[in-house]
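Okay, so here's the structure we're looking at.
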Amino acid sequence: MTFATLGLIEPLLRSLETLGYQTPTPVQAQAIPAVLAGRDLMAAAQTGTGKTAGFALPLLQLLAMEGPKVTANSVRALILVPTRELAEQVHEAVRQYAENLPLRTYAVYGGVSINPQMMKLRSGVDLLVATPGRLLDLFRQNALKFNQLQTLVLDEADRMLDLGFSEELANIYRALPKKRQTLLFSATFSDDIRLLAGQMLNDPLSIEVSPRNVAANTVKQWIVTVDKKRKPELFVHLMRKGKWKQVLVFAKTRNGVDALVEKLQGLGINADGIHGDKPQATRQRALDRFKASDVQILVATDVAARGLDIEDLPLVVNFDLPIVAEDYIHRIGRTGRAGSTGEAISLVCADEVNLLSAIEMLTRQTLKRQNEPDFEPEHRVPDTDASGQVVKKPKKPKKPKASGGGGKRNLGKWVDSGEVAPAEPSIKPVRKVPVFNTGPRKRKP
Ligand code: AMP
């Protein structure tokens, strides 16, 4: 099968040739003809499957071949994405595909001045990539009209809900013409996403290109158990031992990102960090430098790193496990992309046993443990498996207490091999976010 047999026009085929795309990926093979035929889509596809081209190519073709010329402040196709980085990335892909077409494309997102965006929108844009919050700001300030809108794409829809964008999505939805084509892409399909799909899509074609909620099998995954306080030390040890060249590291919190970056930089290691508190220009610069291999270690929160396409990334390290088990799949999806192999290593402490268990249940696998001599944890991580059970081992016979009660293991925090380590704070591994709930947004990307 070729892109030509899928019905793409010559200017697009020329762009694909320049980019070196030879064969359509499975999601492209299914999505391109359906979108060209005007169908709504509900596609379960992880990043790395080529989904961006799957919706962008036919969309650009429809815009080039059909519909009226775009008028002032109007937009004909809208791609909604959860984060600023993703907006840049998707727009860059769109720009490359549209190289030989007379179409205007643009990206708008928060964290940067709104005025240049308003100026740019004045003459109208054929295809706009946007984060939901900034899109609504522009709409409310009359910088945008949706009367010409013919297609809406929700990219990474699950992530948009995770980030608390359901209210924004509902407001955008109300402002759009009812007659339009809608394409929904999501890595995972929770009940919330299905509900959203039910509200937004009209007789959609369902596409599923990888088994639901199963992590890419091109990624070798393993964990190292360690005490929480020794994670930075273990990270540096593994990095030196494995002679790691380029690593994307995920930490749970913004403070966690900053602390690790500071520690690494203090050791003379070329590291940088991205998270939601940093200005957009700083985030983009760190990312660009990492992509250009000018930065060796990029430490990120989930919010900042979701959906990023970094070519040939060999290794992802979960410095902390994600609170939401599905994020594990997104994180390790940064490596082993487009058929290459990759490695994903998670540093797991006793507090995280419930998160580990949730990940194993979701990915239907027991992650291999490869413990590091000299880093064996004092607070043992109980055994887990894909059944979701924390496996209890028979208790070891108690050692007689040493007089004076002095041993290190008796300091109170020791977790016996037969006990489940307490989760601190108690964390529910899988979240539920009501669709279109009107509560406050949890955090900004
Ligand atoms: P995506 O899943 O859209 O983030 O795409 C993942 C990566 O695969 C991007 O770097 C694309 O440029 C690349 N890609 C997408 N489709 C193809 C294709 N048919 N052949 C080769 N590379 C592709």
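The chain is numbered in sequence order, starting from 1. First listed ligand is number 1; within each ligand, the first listed atom is number 1.
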**Asked** Under 4.0 Å from ligand 1, counting heavy atoms only, is it the side chain of F185, its backbone, both or neither?
**Response** neither
**Message:** Heavy-atom pairs closer than 4.0 Å: do any link ligand 1 to the side chain of T23, the backbone, both, or neither?
**Reply:** backbone
Quick check: does [X] get an N/O under 3.5 Å from an N/O on ligand 1?
X: Y21; value: yes
X: A53; value: no
X: T49; value: yes

**Message:** Among R240, K241, K231, which residue satisfies the salt bridge (charged side-chain N to carboxylate O under 4.0 Å, His left out) criterion with E372?
**Reply:**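 It is K241; the other options fail the test.
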**Item:** Pair E156 + K51, salt bridge at N-O below 4.0 Å
**Value:** yes
**Request:** Pull out every atom of ligand 1 sitting under 4.0 Å from any heavy atom of T52, numbered as shown with elements.
**Result:**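 Here the atoms of ligand 1 in question are 1 (P), 3 (O), 4 (O).
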**Item:** Non-neighbouring partners of F55 that pass ring-ring contact (aromatic ring centres under 6.0 Å, His included), sequence neighbours left out
**Value:** F185
**Asked** In chain order, what residues pass the ring-ring contact (aromatic ring centres under 6.0 Å, His included) check against Y106, with sequence neighbours excluded?
**Response** none
**Message:** Given Q96, K51, Q89, Q28, identify the one with the heavy atom nearest to atom 16 (N) of ligand 1.
**Reply:**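 Comparing heavy atoms across Q96, K51, Q89, Q28, the nearest one to atom 16 (N) of ligand 1 lies in Q28.
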**Request:** Could you check L315, V249, N318 and say which one makes a side-chain contact (heavy atoms from CB on, under 4.5 Å) with I345?
**Result:** L315
**Message:** Taking side-chain contact (heavy atoms from CB on, under 4.5 Å) as the criterion, tell me which of D155, T131, L169 meets it with L80.
**Reply:** L169
